[in-house]
There are 2 protein chains.
Amino acid sequence: MAVTIKEVAQRAACSIKTVSRVVNDEPHVKPALRERVLNAITELGYVPNISARQLVQKKSYVICILLHSSGSFQSTLISKVLDLGYEGNYEILVQTYYPSFSRSRDKITTLIQQKRIDGLVTTPPCDSDPFLIDLIKSSGIAHVHIAPFQPTGGTPYVSAEDYTGAYQMTEYLIQKGHQRIGCLMGLRNHRSSLDRLFGYKAAVEAHALPFDVKYLVDSENNFPGGYNATRMLMSLSEPPTAIFALSDEAAAGALYALNELKIDVPGQVSLAAFGDITHSNEIWPGISVVKYPLEQIVEKSVRMLIDLVEGLQPDERQVIFPTKIIERGSIRSIAAPVRQDNRR
Amino acid sequence: MAVTIKEVAQRAACSIKTVSRVVNDEPHVKPALRERVLNAITELGYVPNISARQLVQKKSYVICILLHSSGSFQSTLISKVLDLGYEGNYEILVQTYYPSFSRSRDKITTLIQQKRIDGLVTTPPCDSDPFLIDLIKSSGIAHVHIAPFQPTGGTPYVSAEDYTGAYQMTEYLIQKGHQRIGCLMGLRNHRSSLDRLFGYKAAVEAHALPFDVKYLVDSENNFPGGYNATRMLMSLSEPPTAIFALSDEAAAGALYALNELKIDVPGQVSLAAFGDITHSNEIWPGISVVKYPLEQIVEKSVRMLIDLVEGLQPDERQVIFPTKIIERGSIRSIAAPVRQDNRR
DNA sequence: TTAATAATTGACAACGTTGTCAAATCAATT
DNA sequence: AATTGATTTGACAACGTTGTCAATTATTAA
């Protein structure tokens, strides 16, 4: 049915190897012959059979990106990855991975063993699963990792300035006169969230503000988390004048809670967020954010992985993208009140 | 490096063909020998090479689902699809497709020509691209289609009761005493939205209410669309007492607009939506909806596709799932006012 | 027991490509 | 013109499976 390399060779009156060379842009074919082969290819509508190539090259030309679950972070990531699928020879297989879930483990094991994938990009918290890390190590499959640290020594990774970004936003709030800054932090087992928290804390301390644990509220990185944490913050005897949510979703919950409490933003309370990953500006217009450059991170990690798969040593093995503050009007300057404590 | 079928055969002292039979659960192997082969397989850690199998069977064991762009509909769909990837022999390749975009066309053409995919699930509006439909037809690739009609005669499809669901919700609102029901409709080239609109219209007319075009507002299926349309509706001299948004995102925009206008939901205006696709109940708690069974649809369409790929004629070629109304408290009964017109 | 039939097993040729290496051709130098 | 060396080309063996069909063995019927 399908046209094979043999038929092309016949038509171009040369050997199949020559056709192969032309198809793969290898040198050592004279222009005239190359032309003849190219013509034969178009005339016959020849398309190389990938399975045969895979068989002999022991390569699947499929790379895989592992995700934990699907939320807004994931959906942005996925859409970026899917668009990368337009490039090059590689198909991109997206697969969910739930740590300690045996079906996840079986699936990824099979994918690797059957050589259906040449490489793997992981995102937290997948990389904290020892089984997965062991599997990757022992199989020797190419691996790049999206997160602010190395799960296994020396694994290349791509990340953003979580610490610095949070530090800068906190400092910015302080410079606007805020002294009581509530912080909606994410889960403690998520390294990015932790780094952001450290950045917040460092900025507060650097400016000799009282670091008060009561302004630090645990909250999952989602809407109800931000909602509940904000209700709690605003019920304090000395409520914060600014709230810094370490995720988009928590910020959305915070905004909702403030609306409900008839607290004007930014009139009465300023709001800042870390993320801007979802189309948050469309859904919740006007929240000032530290932009997390997810799209750049995803693109870079895939490109690094392809380099690794192709045996090129990437020039960088750790890439950290800068963050930046985007002002959208949810932060207001307030007159700095007289400092109460911390004056020695 | 990797263990091959040959080595297993050697160890089990039989032919490679016998090993193949055991691996593929074919008959005609005596229990004792089968046992021996199975042992050899575990002892050596043998895993069949998929590329070789692909080569000889002319089958990729990858199926593809095409999407237009990434939004919340897409993200739910994707996460469902990704979880289906835990089953069976097929990997699922998710690929964006933008009608009339040449890179999209090249990509899908290549995927099909290189036999990297065995089958294809399409979602609107991809299926309205004549190039894609032609390609699918001429290549003869297996195809299932998520939408309320057939783009090409006889293509199997999976869908939901868009018309009936909208009819029922509208009727429900009417029974609650509402006579002026605003409708935020989606784009007119999206067949599902159209069907919903027809359902709304039919219900209004069936109850002898005045069908007034001013209550029918164009709005893209997103937040700003719903926001703007609602502002417009509420500025009418006789604003609606209920708003029916034909998508989740538009409903979110509507709720935001109503909040901004200090209009209580459901105290002053009732709100209903069609969708519940996103985790809308978490993000915008309490909107009453017609549930669109996206997850069932996706699962069914993939299973149908696999059946088609395997040459099984699926028993159903059109599957339409029912919708249902979920009350979450955004709809209020109002005393039926005296009918003004329509009394003859 | 023998013949006929059914079940089991294996030898070997595909599948369509790329890698290896030898042969053939060409260009450059003596 | 002969020799050398580089370039171009091709023959053929992988790659690891499954499909075909023949050979073998077991089972049944006469």
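Lettering follows sequence order; numbering is per chain, from 1. No hydrogens, no waters, no symmetry mates; every other heavy atom, side chains included, goes into these values.
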For residues A/L308 and A/A142, report the shortest heavy-atom separation together with the two atoms involved.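 Result for this residue pair: CB-CB, 4.0 Å.
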
Any idea which heavy atoms bring A/C14 and A/V37 closest together, and the distance?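 Closest approach of A/C14 to A/V37, heavy atoms only: SG-CG2, 3.9 Å.
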
Output the single nucleotide from [options] whose closest atom is nearest the side chain of [X].
X: A/R53; options: C/dT9, D/dT18, C/dT17; answer: C/dT17
X: B/E26; options: D/dG19, C/dC15, C/dT17; answer: D/dG19
X: B/V56; options: C/dC15, C/dT17, C/dT9; answer: C/dC15
X: A/K58; options: D/dG16, C/dG16, C/dT9; answer: D/dG16
X: A/N49; options: C/dG19, D/dC15, C/dT17; answer: C/dT17
X: B/I5; options: C/dG10, C/dT18, D/dT18; answer: D/dT18
X: B/T18; options: C/dT18, C/dG10, D/dG19; answer: C/dG10
X: A/S20; options: C/dC12, D/dG19, C/dT18; answer: C/dT18

Round to the nearest Å and state the distance from [X] atom [atom1] to [N] atom [atom2].
X: B/H28; N: D/dT25; atom1: NE2; atom2: C1'; value: 14 Å
X: A/I50; N: C/dC15; atom1: CD1; atom2: P; value: 18 Å
X: B/L55; N: C/dT18; atom1: CG; atom2: P; value: 12 Å
X: B/I41; N: D/dG16; atom1: CD1; atom2: P; value: 16 Å
X: A/Q57; N: D/dG16; atom1: CD; atom2: P; value: 14 Å
X: A/Y46; N: C/dG16; atom1: OH; atom2: P; value: 10 Å
X: B/Q54; N: D/dG16; atom1: CD; atom2: P; value: 15 Å
X: B/K115; N: C/dC15; atom1: NZ; atom2: P; value: 12 Å

On DNA chain C, does the nearest nucleotide to B/P31 precede the nearest nucleotide to A/R21 from the 5' side, or the other way round? Give the residue.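 Here B/P31 is the residue nearer the 5' end.
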
Judged by atom type as modelled, is there a donor-acceptor pair below 3.5 Å linking the side chain of A/E7 to the main-chain atoms of A/T4?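 Judged by distance alone, yes, a pair lies under 3.5 Å.
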
Answer whether the closest heavy-atom distance between the side chains of B/R53 and B/N24 falls below 4.5 Å.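 A side-chain contact under 4.5 Å exists here.
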
May I ask you to decide whether A/E91 forms a salt bridge with B/K107, counting only side-chain N to carboxylate O separations under 4.0 Å?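 A salt bridge links A/E91 with B/K107.
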
For a quick check of understanding: with a heavy-atom distance under 4.0 Å over all strands, which category does A/P27 fall into, base, sugar-phosphate or nothing?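 A/P27: no heavy atom of the nucleic acid under 4.0 Å.
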
When we call it a touch if two heavy atoms are under 4.0 Å apart, what does B/L33 touch: a base, just sugar-phosphate, or nothing?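 Counting heavy atoms under 4.0 Å across all strands, the contact made by B/L33 is with sugar-phosphate only.
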
DNA chain D: B/S51 or B/K17, which has the more 5' nearest nucleotide?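 Looking at the nearest nucleotide for each, B/S51 comes out on the 5' side.
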
